[in-house]
Amino acid sequence: MSKLTEYPTNPNSIENRYRELVNRLRSAEVRFGRAPGSVCLVAVSKTRSPEAIRAIAALRQQDFGENQLQEAIGKVEILFDLDCTWHFIGSIQNNKCRDIATHFDWVHSVDRLKIARRLSNLRPAIAEPLNIFLQINLQEEATKSGIAPGELISLANAVSKLPNLNLRGLMAIPEPEPSFERQRKVFSKLRELQIELNQTLNLTLDCLSMGMTDDLEAAVAEDATHVRVGTAIFGPRDSNK
Ligand SMILES: *Cc1c(COP(=O)(O)O)cnc(C)c1O
């Protein structure tokens with residue numbers, strides 16, 4: 001999904017790209033009538049060094065997203081002195097639930113009740129409830145994780161009753177799509193699905209995790225509350241992770 005343009009490699013470049021991206025996000029808020037600062041930027045730091053994370057944490061970036069647990073835990077531990085919030089955005093295996101429930105405050109990628117139950121059971125008693133997004137496979141692509149929209153109501157109903165979780169909203173990763181209008185259309189489906197879910201189950205889900213480097217404006221236009229951006233901040237990743 002990244003545009004493989006050449007990015008500068010000097011030590012200041014992450015800071016510069018970060019500032020540019022924040023400007024991009026704040027301009028989108030203005031353009032689409034969103035309250036200033038209402039969209040949380042989750043800086044996707046997968047594959048990036050602790051130093052790169054420190055560089056933007058020093059610019060008051062608060063939220064970071066990781067998708068690979070072993071790598072993430074190493075960083076969370078090295079960066080314990082930073083006051084940041086960690087979001088898990090990757091696929092979740094059964095045997096990883098304890099570490100996720102211990103080291104993270106948000107999980108964007110829940111798509112099975114069994115996993116949600118384990119996260120709830122393993123969330124440390126002293127911690128706040130773990131904030132949860134249910135990942136939806138909006139376009140019902142065979143190869144993608146996430147539940148089909150038709151399975152959403154029963155999963156959301158069960159997850160919303162788990163004691164140590166706080167179900168906050170829906171998340172999706174649509175197929176790359178160059179047309180702004182078509183990007184919006186897909187994101188509006190997620191937004192509408194959430195409104196319908198709130199009405200059906202009498203819930204108050206208030207967050208939508210959608211929008212990445214190449215479609216964040218469309219996501220902001222459709223009421224995203226969390227955009228997950230890696231490439232635009234840190235530059236292209238080495239591998240296709
Ligand atoms: C990698 C990743 C992103 C960030 O993608 P970019 O194209 O680098 O902005 C966002 N969400 C998820 C779930 C990811 O795995």
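For the single chain, residues carry numbers from 1 onward in sequence order. Basis for what follows: all heavy atoms, side chains included, without hydrogens, waters or symmetry-related copies. Whatever order the structure lists ligands and atoms in, that order sets their numbers, starting from 1.
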Practice task
Number the atoms of ligand 1 from 1 as they appear, then name those within less than 4.0 Å of a heavy atom of G230, with their elements.
Solution key: 4 (C), 6 (P), 8 (O), 9 (O)
Exercise for the section: Could you list the residues that satisfy side-chain hydrogen bond (donor to acceptor under 3.5 Å, both in side chains) with R34, not counting sequence neighbours? Expected result: none
Problem - E71 and K46 ion-paired at < 4.0 Å - result: no
Exercise for the section: Mark yes when over 12 heavy atoms from residues, nucleotides or ligands other than R24 sit less than 6.0 Å from its CZ; otherwise mark no. Expected result: yes
Handout entry: Charged N-O contact under 4.0 Å between D63 and R228
Key = no
Exercise for the section: Write out all pairs satisfying ring-ring contact (aromatic ring centres under 6.0 Å, His included) with one or both partners inside residues 110-155, taking only residues at least two apart or from two chains. Expected result: W106-F133, H108-F133, F133-H226
Handout entry: Close-contact set for ligand 1 against T231 heavy atoms, below 4.0 Å
Key = 6 (P), 7 (O), 8 (O), 9 (O)
Fill in the blank from the handout: Here the pair of heavy atoms bringing A101 nearest to P124 is O-CD, 3.3 Å
Problem - Subset of ligand 1 atoms that lie under 4.0 Å from at least one heavy atom of R228 - result: 4 (C), 9 (O), 10 (C), 11 (N), 12 (C), 13 (C)
Problem - R237 to ligand 1, any heavy atom closer than 4.0 Å - result: yes
Completion exercise
Atoms of ligand 1 under 4.0 Å from any heavy atom of K46, numbered from 1 in the order shown, are 1 (C), 2 (C), 3 (C), 14 (C), 15 (O)
Handout entry: Subset of ligand 1 atoms that lie under 4.0 Å from at least one heavy atom of V229
Key = 9 (O)
Handout entry: Numbered atoms and elements of ligand 1 in range of I173, under 4.0 angstrom, heavy atoms
Key = 13 (C)
